[in-house]
Amino acid sequence: MIRTPLRPLARILHARSKGENPDVIERNNIRIRHEEMRGKSRARAEGRILALSLMLLASFIAVGGRMAFLAFNDPVETSVGFTGSGIISQRADIVDRNGYLLATNLDTYSLYFQQRDMIDPETAAKRLAEIIPAIDEKEQFAEFTGEKKFGWIKKKLSPEQKQLIHEIGEPGLKLGPREFRVYPNGRLAGHVLGGTTFDKEGVTAAEVVGVAGVEKKFDGRLRDPVHGHEALELSIDLAVQTVLEQMLRSGMKVFDAKTALAILMDVKTGEVVALSSLPDFDPNDRKTQPQENADASPLFNRAIQGVYELGSTFKPITMVQALDLGLINPSTKVDISKPIKFGKHEINDYRYNGKSLTATEIMVKSSNIGTARISQMIGQKRHRDFLKALGFLDPLEIEVAEANQSRPLFPARWSELSTMTISFGHGISVTPMHLASAYATIANGGFLVKPTLLKQNREIRGERVLGAKACEEVLVMMRKSVSESFFKMADVNGYAVAGKTGTADKPKKNARGYYKDKVIATFASVFPADSPQYVLVVTLDEAEDNSTPEPKRTAGWTAAPLAAEIIGRLAPLLGLRPDFKTS
Amino acid sequence: MRNLFFLSLFILVLGLAHWAYQENYKTQKARERAESVQRQISLARDRLRILNAEWAYLNRPERLKALISMTHKNPGLYPLIAESYGEIKDVPFHKGKIFMAQNANIDNGGEFP
């Protein structure tokens, strides 16, 4: 840096020659230099002050922010120490719609051995075999002295067994605490609950995970520590479920059926109040045995996993669409004089019903020809679209893990013949739950109902798929099909039931064609008919009424009277007031 | 004066140190107490859970049904049926002097005029 000289020679000589004081120039230059220096140091100082105040401001904001954060947050007790190991041990309870316990956890101990601590493996094996019957003494001894350094012996011990094992006094036998899932009601609603198993096992805890049903579907929610103390509320009603299971069991015995199922659904919300599929199982002791055919397994939930041709129970669905489209009214006459021939197929009625019937009579007499004629009026595309809208062509969205297996079977190419046979429930296989929600949609005045297993605290209104008038008309028809049928098998004292029977021949396994003497009998109903509240679907597999020399297999003789018994018993329990005048 | 100032500062530091020491021990004690309370809570929860499970097990519908079928004549427990529902007018009115509503006409079966 070049410093400006304080006494520049040229100016001084010039000043001297003029006779001025050259010191003035020096002083002036000094002043200018000082002013420059002051300016610089001032700027530097101001910069420092700014930086310092910014730092102070930042720290004040940090402290103030923290204080505000503490002030506006709920005080939380500092968690002391750290609890639990890597495995989450708590699992939320499951309760029914009234808060009765369906599933909870209890503490137990698991038994394992550690070879290096073993003192007397022979006695240990002998005593263990006495305490736990499932243990074979020789095998156990072989395991104690074999290659394995560590091994599980039993996953759950009762308190008595635990005490007896303590008394053996063998240091190599060790007990590890863990929780296990308990279903205090045993078999009750077993298919809904599903079951659990141990996943990751440690010596201090074991992870309980759901393997089926609600337990699997909501595994994440049940294991989430945030919701650990909130029970999962199901739509199931314990009392209603009990009665339904009990009556279905005795009905299955009376009619000598192979399997049976029943669904009770609230038509306003789609809540499944009770669901039973027999044979059933105890979720406390869920055994997965390989079965030759899955549908014979007790673990198989027929109401949700089983797809069946549900026969004439489809007729009200065809009918309500035709009514809604304005194609017919309840008293429209339909020609049924001749069977419909279609290629090599022939659509015929169970018995001859005369030359023509009104729409209502078609329903009451369950005429296949009449229903097929009406479906011809609807047309293939509209018919398929309507079934799609009702959810018949898609798997269920209900909250059990098995719902993804509820895929309906229907022809890929929807021909005119398909429309005609599907109009009376043949050529399409759906789950009974599909049928129940379609009936609920009709009973709900045309608003789509989706089945759910969770308690709903408010009414859910789905999209409108049908007009209210058509729904009312078809309910009247269904009411007549119960009250005007020849034997009135589904009549209930005090409650008006609207419903439709369906008898479908069972398809042969791995072969084309149907059995002549095996049927699936279904009765789908809505009650009370004048202000529908519930839908009940009862299906019996290979049911027979053997009270007469010729066994009767149609649903009117099997599923319908059973459903009537069930409604007569359940309706008072559901808080429905009987009306002896209209029923 | 200067010395006095330093002395008071020293005493203040001593006092604060004592206070901090005590606070430290108080905190530790409170922590221990919180721990023990939490342990008690979790033990109580455990007991509650077992009791709930037992209660549910003892009240399982299957067992209640068996109990009722054993003793149904005594408490008079029958399944709820449609006929169980009645009208208020079906309830017999007490005709004695035990109950007398104002203006009620007893001869009229308790109907209000």
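Any value given below was found using the heavy atoms of this structure, including those in side chains, with hydrogens, waters and symmetry copies removed. Chain naming here is simple, since letters A, B, ... match the order of the sequence lines and numbering starts at 1 in each.
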Between B/Arg60, B/Arg45, B/Glu54, which residue shows the highest count of heavy-atom pairs closer than 4.5 Å to chain A? B/Arg60
Any donor-acceptor pair under 3.5 Å from A/Thr242 side chain to B/Pro61 backbone: no
Can you name the closest pair of heavy atoms from A/Leu248 and A/Ala262 and give their distance? CD2-N, 3.8 Å
Which pair of heavy atoms, one from A/Phe281 and one from A/Gly190, lies closest together, and at what distance? CZ-O, 3.4 Å
Side chain, backbone, both or neither: which part of A/Leu573 has a heavy atom under 4.5 Å from chain B? both
Can a cation-pi geometry be assigned to A/Arg178 and A/Phe198, taking NZ or CZ under 6.0 Å from the six-membered ring centre and within 45° of the ring axis? yes
Apply side chain to side chain donor-acceptor pair (under 3.5 Å) to residues B/Arg49 and A/Asn105 and explain how you reach the verdict. CA-CA 8 Å; B/Arg49 222 171 53 196; A/Asn105 307 310; over 6 Å; no
Most chain B-contacting option - heavy-atom pairs closer than 4.5 Å, from A/Leu188, A/Leu106, A/Val182: A/Leu106
Select one option (side chain, backbone, both, neither) describing which atoms of A/Gln241 are under 4.5 Å from chain B's heavy atoms. neither
Heaviest contributor of heavy-atom pairs below 4.5 Å to chain B, chosen from A/Pro572, A/Ala239, A/Gly186, A/Ala571, is A/Pro572
For A/Leu570, is it the side chain, the backbone, both, or neither that has a heavy atom closer than 4.5 Å to a heavy atom of chain B? neither
